[in-house]
Amino acid sequence: KLMLEYRRKFNDCKITRLPSLKDLDNLVQPEDKPFLSEKIYQYIEEDCHDLYKNTHIKNRADANFQFIALARFSGKDWQEISQKLDISVSTLSSFFQRCCSKFAAHFKKELQS
């Protein structure tokens, strides 16, 4: 039934002519939009108000949300970050999840504008 339905939809298309190779060369390409992950990375990296840099694990300013998030976006796994900061994976992961929830509204607001 699905095949028949899709065939019917395809056959309903009103194609008047197929484009030539010359036509294809003249088509305007859509502009490349950055991926959402790239926008978030850039937003966290810029951190205009130092919000992400100043949100850190207690008594460990080096273990801040900005550092951890950028490390994760760069492909580092939890074990690598854990070793670099000498903090357990569970502590890092919990902190990161809490921060993501805390900053969700900031991300949404910033990325929609």
Side-chain angles (χ1 to χ4, degrees):
K1 286 183 179 183
L2 278 174
M3 282 184 56
L4 292 174
E5 184 180 329
Y6 285 120
R7 184 167 189 269
R8 196 174 314 118
K9 284 181 184 179
F10 179 75
N11 285 339
D12 286 344
C13 294
K14 306 287 189 249
I15 299 175
T16 55
R17 74 177 188 78
L18 292 174
S20 68
L21 289 176
K22 184 179 178 184
D23 294 333
L24 293 176
D25 287 337
N26 295 326
L27 285 177
V28 177
Q29 296 296 318
E31 82 177 56
D32 289 334
K33 292 184 178 182
F35 290 110
L36 180 59
S37 59
E38 292 170 346
K39 289 180 178 181
I40 294 172
Y41 183 96
Q42 183 178 11
Y43 178 64
I44 293 172
E45 185 177 43
E46 289 172 2
D47 193 13
C48 296
H49 305 289
D50 289 336
L51 178 64
Y52 308 124
K53 191 182 297 182
N54 291 328
T55 302
H56 56 81
I57 294 174
K58 190 175 183 178
N59 300 323
R60 290 292 306 270
D62 61 330
N64 59 59
F65 178 74
Q66 183 186 46
F67 176 82
I68 296 166
L70 296 179
R72 291 292 293 153
F73 273 109
S74 297
K76 304 262 191 255
D77 63 26
W78 288 115
Q79 191 60 42
E80 290 175 279
I81 301 167
S82 169
Q83 290 173 346
K84 175 133 178 96
L85 295 173
D86 194 30
I87 298 173
S88 74
V89 170
S90 62
T91 300
L92 289 173
S93 179
S94 296
F95 170 76
F96 183 76
Q97 292 303 318
R98 284 192 309 275
C99 287
C100 286
S101 296
K102 176 181 176 180
F103 297 135
H106 293 269
F107 296 144
K108 187 174 183 178
K109 179 182 172 190
E110 182 65 27
L111 297 172
Q112 284 179 343
S113 56

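Partners of R98 under the salt bridge (charged side-chain N to carboxylate O under 4.0 Å, His left out) rule, at least two apart in sequence or in another chain, do not exist in this structure. Evaluation of the side-chain contact (heavy atoms from CB on, under 4.5 Å) rule for Q42 yields E46 as partners, not counting sequence neighbours.
Formation of a donor-acceptor pair under 3.5 Å by the S82 side chain with backbone atoms of W78 is not found in this model. In this structure, R60 contributes its side chain and N64 its backbone to no donor-acceptor pair below 3.5 Å.
Few gaps surround CG on D77; more than 12 heavy atoms of other groups in view lie less than 6.0 Å from it.
Ring-plane geometry between F96 and F65 is classed as parallel, the angle between the planes falling under 30 degrees on a 0 to 90 degree scale with a further cut at 60.
Taking CD of E45 as the reference point, atom NZ of K53 lies at 10.0 Å (rounded to 0.5 Å). Distance check: D50 CG to Q66 CD gives 8.0 Å after rounding to the nearest 0.5 Å. Separating the OG atom in S37 from the CZ atom in R72 is a distance of 13.0 Å, to the nearest 0.5 Å. A distance of 10.5 Å separates CD in E80 from OG in S74, rounded to the nearest 0.5 Å.
Between T91 and the choices S93, S94, S88, the side chain to side chain contact (heavy atoms under 4.5 Å, CB included) rule is met once, by S88. In summary, of the residues considered (T55, I87, L85), a side chain to side chain contact (heavy atoms under 4.5 Å, CB included) with I68 occurs for L85 alone.
Side-chain contact check for F103 versus I44: every heavy-atom pair is 4.5 Å or farther apart. The side-chain heavy atoms of L92 and I57, taken from C-beta on, include a pair separated by under 4.5 Å.
The two residues H106 and Y52 come nearest to each other via the heavy atoms CB-OH, 3.7 Å.
Here the two rings, on F67 and F95, have centers that are 6.0 Å apart or farther.
Listed by first and then second residue, the ring pair (Phe, Tyr, Trp, His ring centres under 6.0 Å) pairs involving residues 20-40 amount to none (not counting sequence neighbours).
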